[in-house]
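Here is the structure we will look at.
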Number of protein chains: 2
Amino acid sequence: MPQTGHTLAPHRCRDCAKAKHCLADELIGQPSIPPIPIQNTILPKGRYIYHQGDGVKNLFFVKSGSVKIAYNNEQGDQQIINFYFPGDLIGLAVLNHGQHSASAVTLEKSVICAFPIGFIRTHCEKLPNLLSDILKRCDAEIKHRHETLLSSHQCIASKRLGDFLLELIVRLGLSRKQPVLLHLPMSRADMANYLGLAPETVSRVLSKYQKHGLILAKKQNIQINDLEQLTAFVRQAV
Amino acid sequence: MPQTGHTLAPHRCRDCAKAKHCLADELIGQPSIPPIPIQNTILPKGRYIYHQGDGVKNLFFVKSGSVKIAYNNEQGDQQIINFYFPGDLIGLAVLNHGQHSASAVTLEKSVICAFPIGFIRTHCEKLPNLLSDILKRCDAEIKHRHETLLSSHQCIASKRLGDFLLELIVRLGLSRKQPVLLHLPMSRADMANYLGLAPETVSRVLSKYQKHGLILAKKQNIQINDLEQLTAFVRQAV
DNA sequence: CGCCCCCTTGAGGAGCTTCAAGAAGGGTGG
DNA sequence: CCACCCTTCTTGAAGCTCCTCAAGGGGGCG
């Protein structure tokens, strides 16, 4: 991790309130495993966790805040690959790789935990749950990328965006008690880039939803009034 | 590998004419490494090498022919992820994974070589070149997926298709002496699905290229008359 | 020889983008 | 604390790309 953030005091996983939702769950109370040399860092908005091309040294656990992963090609065009939220692990599908295929940037003030890859490699055989958890997350990640590609090739804008909102509700573990209050840490431009749309189109679709009473969109905050109807619309749409 | 193909006689890498372009290159003449239990199979057109959801047991090397990788969602929609040609390795980015995230199907009569993953895991530390070759291929694969996603979100049909043709020329190692003769083993529908277009659009773009004298399209066979102009067009297009 | 599938071509229209202008919100400096 | 600015978001109008629907052509295989 670059020296751009504020590094907190050295960290013991057994003291971490989030350990249950983290890789480290299994590591707690394993006397045979040495303490993990965790870097626990608090980063402001817009800070790079790593840059595309950097060597892969850590897996990163999002404790709070949110992160976008962005790929840049030689012409300077950007493609946002995915967004990450508390409980997510960043850097998967790169466990074998020499360098990061894209950059990771915080979308808001975030606390990020760094796990040295070397440690995971060394101890994964003693910790079968650790490995199987990583594999499960990898599988989900790859499936997600296939799904989004399929969706961006075959579905209209309002379905893609609706799917995105519904997915966020699930991933953020929001209560389904209505109205659902959804905070979007990314800009309209980021959402649009991720979904393969123009920012104006994202605005228009949200306005359309609002006109039908499904949601109430106030910049970064979306209040979802009718989850069933939104779900029904998304299911039925192409 | 399913029992749907014709399994050739047990195979020794040192006898394989393609070994130089294969994982096995380094394995030849290593007395400390036991012989690889290679399955060498000849498959007709349209045969599955593996199905989505199957357990991952092998990496597959394409010795001849071609293969498409296709993801199917629960609704039965399909997304073609990539195409593979002689010299390519299938099953990368899954070295860590329990099951295949998509299906692999031959596009024509093909000879496919199966490397047991377990063997690779066991011996990769004794064979640094083997591992670094795999990592290099993985990196290229991930970068390729980012590029295609970016392209399908930002570029018009004729650029996407032109890029695809130019990429195939490079990947197939075709001589750049004009006219370049390019054989497309996949159907128009497969190309369209991969590029996120309608089959009719693929036809129309090829016709447009032909009208401008850049290519001569005869079903599966494309004769590229003016590689420079095609490249120039693709570079300049959005 | 005939069937079938794939490819091609045309016409029409839907959906999204682009361009442009205005509104709203957050941050900064006086 | 207020005024200003700048960025981001919204909304409108026009235009273009691509899709859908439909019909015709060609090659391969039985």
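By convention in this document, chain letters (A, B, ...) are assigned in the order of the sequence lines, proteins followed by strands, and residues within each chain are numbered from 1. Just so it is clear, the values below take in all heavy atoms, side chains as well, and ignore hydrogens, waters and symmetry mates.
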*Whole Å only: how far is the CG atom of B:Leu161 from the C1' atom of C:dC7?*
14 Å

*Within this structure, what is the CG-to-C1' distance between A:Leu195 and C:dG15, rounded to whole angstrom?*
16 Å

_Please report the distance, rounded to the nearest Å, between CZ in B:Arg160 and C1' in D:dC19._
12 Å

*Whole Å only: how far is the CD1 atom of B:Ile156 from the P atom of D:dG15?*
19 Å

*Output the single nucleotide from D:dA22, D:dC9, D:dT11 whose closest atom is nearest the side chain of B:Glu200.*
D:dA22

*Parallel, tilted or perpendicular: which fits the ring planes of B:Phe115 and B:Phe61, with parallel below 30° and perpendicular above 60°?*
perpendicular

*Whole-Å distance separating the CG atom of A:Asn221 from the P atom of D:dT10*: 12 Å

*Return the angle between end axes of the helix from C:dC1-D:dG30 to C:dG30-D:dC1, with five pairs used per end and rounding to 10°.*
40°

*asked:* Check B:Glu74 with A:Lys143, please: is the shortest side-chain N to carboxylate O separation under 4.0 Å?
replied: yes

*asked:* Which residues pass the side-chain hydrogen bond (donor to acceptor under 3.5 Å, both in side chains) test with A:Ser187, not counting sequence neighbours?
replied: none

_Nucleotide of C:dC7, D:dT11, C:dC16 approaching B:Lys219 most closely (side-chain heavy atoms)_ = C:dC7

*Please check if any side-chain donor atom of B:Asn225 sits under 3.5 Å from a side-chain acceptor atom of B:Gln223, or the reverse.*
yes

*Using whole Å, report how far CG of A:Leu197 lies from P of D:dT17.*
18 Å

